[in-house]
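The chain is numbered in sequence order, starting from 1.
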Amino acid sequence: MGYQNAYNAYQKTNISTASQGRLVVLLYEGAIKQLTAAMNYIELDGRIKPGNIEKFGICIQKTQAIITELQVSLDMDKGGEIAKNLMSLYVFFNEELLTINITHNKEKLAFILKMLNELVESWRQIASSTANAPATKVENVLNITG
């Protein structure tokens with residue numbers, strides 16, 4: 001019980017003190033964690049055990065919520081072409097996740113997971129390269145609203 005409270009306090013502090021870039025990385029990491037868990041519920045034969053169907057759905061829904069949070073954080077005015085491209089990608093992800101939640105298509109899930117892993121690496125580089133920049137510079141580079 002004490003450990004869990006300490007961990008929760010650490011997580012809250014980690015999030016509340018993170019830069020904008022770090023928050024985006026944390027969102028991507030959360031989405032990757034959820035999709036990895038969902039992937040593990042799909043058996044080798046492509047089926048999900050009846051007892052795991054709800055858990056699978058919850059993982060997909062949590063990922064959709066994270067992707068939606070990434071969508072609404074985009075600054076379409078300042079973000080230019082990058083923000084437009086990310087918006088299109090996020091819409092695509094959520095549409096595919098909706099289908100995956102019904103079909104349990106492991107290949108589509110793996111494709112989205114691969115893309116998220118590539119994106120998180122880019123965001124890690126952005127976040128680390130802007131770590132010491134003034135807040136306004138960070139906001140401009142990340143193209144997100146605060």
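- The line from CD1 of I82 to CG of L74 is 10.5 Å long, rounded to the nearest 0.5 Å.
- The hydrophobic cluster containing F92 also contains I60, counting ILVMFWY residues as joined when their side-chain heavy atoms lie under 4.5 angstrom apart, directly or transitively.
- If you take CD on Q34 and CG on L113, they are separated by 11.5 Å, rounding to the nearest 0.5 Å.
- For N94, the side-chain hydrogen bond (donor to acceptor under 3.5 Å, both in side chains) partners are T68, Q71, not counting sequence neighbours.
- With values rounded to the nearest 0.5 angstrom, L86 atom CG is found 10.5 Å from E81 atom CD.
- A distance of 8.5 Å separates CE of M39 from CD1 of I100, quoted to the nearest 0.5 Å.
- Residue pairs that meet the ring pair (Phe, Tyr, Trp, His ring centres under 6.0 Å) test with at least one member in residues 58-91, sequence neighbours left out, do not exist here.
- Here salt bridge (charged side-chain N to carboxylate O under 4.0 Å, His left out) pairs that include residues 87-116, with residues two or more places apart or in two chains, are E96-K108, K114-E118.
- You'll find the side chain of I112 stays beyond 4.5 Å of the side chain of T63, heavy atoms only.
- Inter-residue side-chain proximity for L116 and F93 is flagged as met; some heavy-atom pair is nearer than 4.5 Å.
- Within 6.0 Å of CZ in F111 there are 12 or fewer heavy atoms belonging to other residues, nucleotides or ligands.
- Every residue was checked against the side-chain hydrogen bond (donor to acceptor under 3.5 Å, both in side chains) condition with Y41, not counting sequence neighbours, and none meets it.
- Pairing each heavy atom of A31 with each of I66, the nearest pair is N-CD1, 3.4 Å.
- Applying the side-chain hydrogen bond (donor to acceptor under 3.5 Å, both in side chains) criterion to T99, with sequence neighbours excluded, gives no partner residue.
- Two residues are said to be in side-chain contact when any heavy atoms from C-beta on lie closer than 4.5 Å; V120 and V24 fail this criterion.
- Of all the heavy atoms in R22 and A127, the pair that sits closest is N-CB, 3.9 Å.
- At least one side-chain heavy atom of L119 sits under 4.5 Å from a side-chain heavy atom of L89.
- For F56, the ring pair (Phe, Tyr, Trp, His ring centres under 6.0 Å) partners two or more places apart in sequence, or in a different chain, are H104.
- Each ring pair (Phe, Tyr, Trp, His ring centres under 6.0 Å) pair with one or both residues in residues 65-85, not counting sequence neighbours, would appear here, but there are none.
- Interatomic distance, S73 OG to L27 CG, rounded to the nearest 0.5 Å: 7.0 Å.
- Scored by the side-chain hydrogen bond (donor to acceptor under 3.5 Å, both in side chains) test, E29 finds R124 as partners (sequence neighbours excluded).
- A heavy-atom distance below 4.5 Å is not found between the side chains of N52 and N40.
- Taken from CG in L109 to CG in L35, the straight-line distance is 5.5 Å, to the nearest 0.5 Å.
- Under the salt bridge (charged side-chain N to carboxylate O under 4.0 Å, His left out) criterion, no residue pair touches residues 37-61, with sequence neighbours excluded.
- Taking 4.5 Å as the limit, some side-chain heavy atom of L70 sits within range of a side-chain heavy atom of Y28.
- Counting only distance, with no hydrogens or angles, the side chain of N101 and the backbone of L97 share no donor-acceptor pair below 3.5 Å.
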